Student: 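Can you keep this structure in mind? I'll have questions shortly.
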Amino acid sequence: MQDWHSPQSESRDGVPPQPTHELDDSWVQPSSSRMLTNYLADVEQNLDEHRWELALRDVADLPKIAVALTDPDLTSSSERCKAWCEQWVRPSNAANESGVDHEGICRALNEKSGHGTTASVPSVELRRLRLRRHARNAPRGFNASHAGKEENKDTAETFAICTAVVEGVRRWYAHLACHDATAQANLARLAVLR
């Protein structure tokens with residue numbers, strides 16, 4: 001039998017080299033779900049256009065959406081949303097410099113979500129996600145240069161929360177949901193609902 005290892009596939013110590021993105025937990029592949037991609041692009045567009053309340057509303061829905069997508073019954077609960085936030089949402093270095101921390105982001109999301117303690121289907125939130133599936137305009141990108149120009153502390157905090165959650169959803173999708181059969185089945189099921 002032939003050994004399929006090429007000389008480049010192993011380092012000198014015999015251990016296969018890992019791609020740099022596997023070593024760096026912050027590296028994130030873009031989402032391959034059109035609904036999620038459009039939803040996240042809408043949040044970023046709202047931030048870019050200074051529509052803070054709309055961006056924060058959509059961001060507060062994201063933990064419920066993520067938890068529901070990985071559940072066979074599409075249910076979500078406040079405890080599972082809190083656990084999701086603790087695992088996936090981390091503030092950027094800029095957010096840390098502005099005084100926003102991980103616990104503060106999770107606390108703000110929990111306050112904004114108004115989620116009950118019992119598991120239920122987040123119908124309104126999933127409907128908002130589903131509406132993004134037929135967006136005709138391609139996401140135009142996000143101009144992060146506007147971030148540092150905000151002098152209002154509340155606005156800066158909202159921006160930090162929104163960007164941390166959007167990055168967390170991208171991390172969650174790239175590292176878990178794109179490989180999770182339940183999440184993929186639920187996304188497909190949402191895509192065909194009318």
Side-chain angles (χ1 to χ4, degrees), residues 26-69 76 81-82 84-85 88-115 122-175 177-178 183 186-187 190-191 193-194:
S26 65
W27 183 84
V28 179
Q29 294 177 343
S31 169
S32 62
S33 164
R34 183 189 302 179
M35 282 186 289
L36 279 175
T37 299
N38 290 340
Y39 193 101
L40 299 178
D42 285 351
V43 169
E44 290 175 335
Q45 183 173 354
N46 285 332
L47 289 173
D48 201 27
E49 296 173 359
H50 300 239
R51 294 184 289 194
W52 309 115
E53 288 302 315
L54 285 175
L56 198 54
R57 180 204 66 188
D58 285 347
V59 160
D61 291 346
L62 283 169
K64 292 186 233 179
I65 290 169
V67 168
L69 287 175
S76 178
C81 287
K82 184 179 177 188
W84 184 90
C85 288
W88 297 105
V89 177
R90 291 176 233 130
S92 66
N93 290 338
N96 282 338
E97 292 169 7
S98 69
V100 178
D101 62 352
H102 174 42
E103 289 82 21
I105 291 172
C106 292
R107 189 172 41 256
L109 287 174
N110 196 27
E111 290 170 5
K112 291 281 184 195
S113 72
H115 204 291
S123 304
V124 172
E125 294 83 355
L126 292 172
R127 189 174 311 118
R128 283 188 192 131
L129 173 67
R130 232 178 44 238
L131 290 174
R132 272 42 179 232
R133 76 186 186 280
H134 292 304
R136 301 248 183 240
N137 298 333
R140 61 182 176 85
F142 176 58
N143 188 353
S145 67
H146 292 87
K149 297 180 181 174
E150 298 304 323
E151 61 266 350
N152 184 341
K153 185 181 183 232
D154 290 337
T155 305
E157 185 175 318
T158 298
F159 185 86
I161 290 169
C162 291
T163 55
V165 175
V166 166
E167 290 169 6
V169 170
R170 287 192 173 120
R171 238 187 327 275
W172 163 80
Y173 190 85
H175 296 284
C178 71
N186 283 335
L187 281 167
L190 287 173
L193 289 177
R194 304 248 174 212

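Note that the structure is a prediction, hence the values are computed from the model and not measured.
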Student: Mind checking whether Trp88 and His175 have parallel, tilted or perpendicular rings, split at 30° and 60°?
Tutor: parallel
Student: Can you name the closest pair of heavy atoms from Met35 and Leu190 and give their distance?
Tutor: CE-CB, 4.0 Å
Student: Taking only residues two or more places apart in sequence, or in another chain, which ones meet Arg107 in a side-chain hydrogen bond (donor to acceptor under 3.5 Å, both in side chains)?
Tutor: none
Student: Of all the heavy-atom pairs spanning Leu40 and Arg170, show the shortest one and how long it is.
Tutor: CD1-CG, 3.6 Å
Student: What distance do Ile65 atom CD1 and Leu187 atom CG have between them, rounded to the nearest 0.5 Å?
Tutor: 10.0 Å
Student: Is the closest side-chain heavy-atom distance between Trp52 and Asn46 below 4.5 Å?
Tutor: no
Student: If you take all heavy atoms of Ala177 and Ala183, which pair is closest and at what distance?
Tutor: O-CB, 3.8 Å
Student: Are Asp61 and Val124 close enough that some pair of their side-chain heavy atoms sits under 4.5 Å apart?
Tutor: no
Student: Mind checking whether Val169 and Trp84 have side chains closer than 4.5 Å, heavy atoms only?
Tutor: yes
Student: Apply the test side chain to side chain contact (heavy atoms under 4.5 Å, CB included) to residues Ile161 and Glu157: give CA-CA distance (whole Å), side-chain angles for both, the deciding distance (0.1 Å), then the verdict.
Tutor: CA-CA 6 Å; Ile161 290 169; Glu157 185 175 318; 4.0 Å; yes
Student: Taking all atoms of both residues into account, what is the closest heavy-atom pair of Val43 and Ala55, and its distance?
Tutor: O-CB, 4.0 Å
Student: For the pair Tyr39 (side chain) and Asp58 (backbone), establish whether a donor and an acceptor sit closer than 3.5 Å, ignoring hydrogens and angles.
Tutor: yes
Student: Salt bridge (charged side-chain N to carboxylate O under 4.0 Å, His left out) with Arg51: which residues, sequence neighbours excluded?
Tutor: Glu49
Student: With rounding to the nearest 0.5 Å, note down the distance linking CG in Leu126 to CG in Asn186.
Tutor: 8.5 Å
Student: Give me the atom names and distance for the closest heavy-atom approach of Cys162 to Leu47.
Tutor: CB-CD1, 3.7 Å
Student: Taking all non-hydrogen atoms of both residues into account, name the closest pair between Lys64 and Pro122 and its distance.
Tutor: O-CG, 4.0 Å
Student: Are Leu36 and Trp172 close enough that some pair of their side-chain heavy atoms sits under 4.5 Å apart?
Tutor: yes
